[in-house]
**Student:** 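First the structure, which I've put down as structure tokens, then a few questions once you've had a look.
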2 protein chains.
Amino acid sequence: MNLLFKALNDQTRREILEYLKEKDLTAGEIADKFNISKPSISHHLDLLRQAGLVVSVKEGQFVYYALNTTVMDEMLKWIMQFKS
Amino acid sequence: MNLLFKALNDQTRREILEYLKEKDLTAGEIADKFNISKPSISHHLDLLRQAGLVVSVKEGQFVYYALNTTVMDEMLKWIMQFKS
DNA sequence: TATATATTTAGACAAATATCTAAATATTAT
DNA sequence: ATAATATTTAGATATTTGTCTAAATATATA
């Protein structure tokens with residue numbers, strides 16, 4: 001839960017997730033969407049991966065990132081406890 | 001959204017919300033539940049208030065804090081966009 | 001094999017954050 | 001009025017975080 005909330009506590013990372021909602025993207029394609037250096041984006045992707053929010057697959061020289069929403073269920077459940 | 005995610009990105013603050021789920025509490029009662037100084041708890045409560053997650057009402061020398069879950073709806077909606 | 005491309009790692013740095021103690025403010029009770 | 005209680009504000013400090021540049025690693029291509 002800590003890693004999850006931490007990962008989502010950043011506008012850039014939340015936007016990355018929204019891009020990945022549309023389709024899988026390489027690290028470079030993601031970086032191109034922001035005015036932030038590639039190493040910084042790489043770091044953001046690492047935090048998202050640590051939280052389980054994305055998975056990465058290497059294809060040749062590219063690394064594809066894809067959304068994994070299953071970990072969000074835990075968070076949904078946590079929030080829902082307050083709404084009942 | 002930023003303030004909301006920020007407020008929830010802390011174990012102590014999340015626990016405060018869980019205590020407030022049971023019943024309204026004064027600042028002092030909340031502080032008593034943690035091994036953290038009262039000023040620090042006061043600061044946590046301020047962040048929760050900024051996020052709209054709690055409201056406070058002064059009653060005499062006490063300040064009662066109560067949960068406000070309506071702001072969680074926005075967050076729920078944001079998360080749900082990924083689950084559909 | 002040498003070069004170009006894609007990505008990550010390493011290390012540095014400024015800004016944000018969680019915490020503390022001391023002091024200030026507000027209210028109640030003697 | 002004075003003292004006691006509840007809470008917040010102010011200011012300091014160590015840690016965490018987001019960012020950068022430079023370098024390292026891995027893969028593809030000429």
Side-chain angles (χ1 to χ4, degrees), chain A residues 1-20 22-68 71 75 78, chain B residues 1-20 22-68 71 75 78:
Chain A
M1 283 284 273
N2 250 316
L3 284 177
L4 200 49
F5 278 110
K6 175 173 161 179
L8 293 179
N9 185 30
D10 181 275
Q11 176 62 32
T12 300
R13 290 193 289 271
R14 292 196 297 271
E15 282 184 39
I16 290 174
L17 294 181
E18 294 185 359
Y19 282 123
L20 291 178
E22 303 310 322
K23 69 178 207 284
D24 299 354
L25 295 169
T26 68
E29 287 171 332
I30 294 168
D32 287 344
K33 295 180 179 298
F34 298 90
N35 257 336
I36 298 176
S37 71
K38 279 174 213 290
S40 294
I41 293 294
S42 188
H43 177 238
H44 283 308
L45 289 169
D46 188 45
L47 291 179
L48 289 171
R49 207 178 35 67
Q50 280 179 46
L53 286 163
V54 302
V55 293
S56 61
V57 176
K58 185 154 198 173
E59 290 193 11
Q61 68 201 125
F62 300 93
V63 177
Y64 274 88
Y65 282 86
L67 198 59
N68 174 35
V71 289
M75 198 171 181
W78 187 83
Chain B
M1 284 285 273
N2 251 315
L3 283 176
L4 200 50
F5 279 110
K6 175 174 161 180
L8 294 178
N9 185 31
D10 183 275
Q11 177 62 33
T12 300
R13 289 194 289 272
R14 291 196 297 271
E15 281 184 41
I16 289 175
L17 294 181
E18 293 184 1
Y19 281 123
L20 291 178
E22 303 310 323
K23 70 177 205 285
D24 298 353
L25 295 169
T26 69
E29 286 171 333
I30 294 169
D32 287 345
K33 296 180 178 296
F34 297 90
N35 258 335
I36 296 177
S37 70
K38 279 175 210 291
S40 294
I41 293 292
S42 188
H43 178 237
H44 283 308
L45 289 169
D46 188 44
L47 292 179
L48 288 171
R49 208 179 34 67
Q50 280 179 47
L53 285 163
V54 303
V55 293
S56 61
V57 176
K58 184 153 198 174
E59 289 193 12
Q61 67 202 125
F62 299 93
V63 176
Y64 274 89
Y65 282 85
L67 199 57
N68 174 35
V71 292
M75 200 172 179
W78 187 83

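Each chain gets a letter, A, B and so on, in the order its sequence line appears, and its residues count up from 1.
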**Student:** Determine whether B:Glu15 and B:Ile30 make a side-chain contact, defined as any pair of heavy atoms from C-beta on separated by less than 4.5 Å.
**Tutor:** no

**Student:** At under 4.0 Å between heavy atoms, what does A:Tyr64 touch on the DNA or RNA strands: base, sugar-phosphate, or nothing?
**Tutor:** nothing

**Student:** Can you pull every protein N or O that's under 3.5 Å from an N or O on nucleotides 21-26 of chain C?
**Tutor:**
residue : atom : partner : partner atom : Å
C:dA26  : O3'  : B:Lys58 : NZ           : 3.3

**Student:** Tell me: CD of A:Gln50 to P of C:dT9, nearest whole Å?
**Tutor:** 11 Å

**Student:** Provide the closest heavy-atom pair for A:Asp24 versus A:Glu29 in the form atom of the first, atom of the second, distance.
**Tutor:** O-OE1, 4.5 Å

**Student:** Quick check: on DNA chain C, is the nucleotide nearest A:Ser42 upstream (toward 5') of the one nearest B:Ile41, or the reverse? Name the residue that is more 5'.
**Tutor:** A:Ser42

**Student:** May I have the distance from B:Lys6 (atom NZ) to D:dT16 (atom P), rounded to whole angstrom?
**Tutor:** 18 Å

**Student:** Are any of the side-chain heavy atoms of A:Ile41 and A:Thr12 separated by less than 4.5 Å?
**Tutor:** yes

**Student:** Heavy atoms only, 4.0 Å cut-off, all strands: where does B:Leu47 land among base, sugar-phosphate and nothing?
**Tutor:** sugar-phosphate

**Student:** Heavy atoms under 4.0 Å, any strand shown: does B:Phe34 hit a base, just sugar-phosphate, or nothing?
**Tutor:** nothing

**Student:** Which heavy atom of B:Asn9 sits nearest to which heavy atom of A:Phe5, and what is that distance?
**Tutor:** OD1-C, 3.6 Å

**Student:** Consider the side chain of B:Phe62, meaning its heavy atoms from C-beta on, and name the nucleotide among D:dA6, C:dA18, D:dT8 that approaches it most closely.
**Tutor:** D:dA6

**Student:** Using only atom types and a distance under 3.5 Å, with no angle test, would you say the side chain of A:Asn68 pairs donor to acceptor with the backbone of A:Gly52?
**Tutor:** yes

**Student:** Output the single nucleotide from D:dG18, D:dC20, C:dT7 whose closest atom is nearest the side chain of A:Ala27.
**Tutor:** C:dT7

**Student:** To the nearest Å, how far apart are A:Leu45 CG and D:dG18 P?
**Tutor:** 13 Å

**Student:** Is A:Asp46 touching bases, backbone alone, or none of the nucleic acid, heavy atoms closer than 4.0 Å?
**Tutor:** nothing

**Student:** When we call it a touch if two heavy atoms are under 4.0 Å apart, what does B:His43 touch: a base, just sugar-phosphate, or nothing?
**Tutor:** base

**Student:** Distance check needed: C:dA18 C1' versus A:Asn2 CG, whole Å only.
**Tutor:** 14 Å

**Student:** Return whichever of B:Val63 or B:Asn9 has its heavy-atom-nearest nucleotide of DNA chain D closer to the 5' end.
**Tutor:** B:Val63

**Student:** In whole Å, I'd like the distance from the CG atom of B:Leu48 to the P atom of C:dA18.
**Tutor:** 11 Å

**Student:** Quick one: B:Glu29 CD to D:dT5 P, roughly how many Å, whole number?
**Tutor:** 16 Å

**Student:** Please find the pair of heavy atoms, one from B:Ala7 and one from B:Arg13, that lie closest to each other, and give the distance.
**Tutor:** O-NE, 2.8 Å

**Student:** Looking just at side-chain N and O atoms, do B:Arg14 and A:Asn2 make a donor-acceptor pair shorter than 3.5 Å?
**Tutor:** yes

**Student:** Please tell me if B:Tyr65 has a side-chain N or O lying less than 4.0 Å from either OP1 or OP2 of D:dA6.
**Tutor:** no

**Student:** Round to the nearest Å and state the distance from B:Gln11 atom CD to C:dT17 atom C1'.
**Tutor:** 16 Å

**Student:** Taking CD1 from A:Ile36 and P from C:dT7, how many angstroms apart are they, rounded to a whole number?
**Tutor:** 16 Å

**Student:** Is the distance from the ring center of B:Tyr19 to that of B:Tyr65 below 6.0 Å?
**Tutor:** no

**Student:** Where the side chain of B:Thr12 is concerned, which of D:dG18, D:dT8, C:dT19 is the nearest nucleotide?
**Tutor:** C:dT19

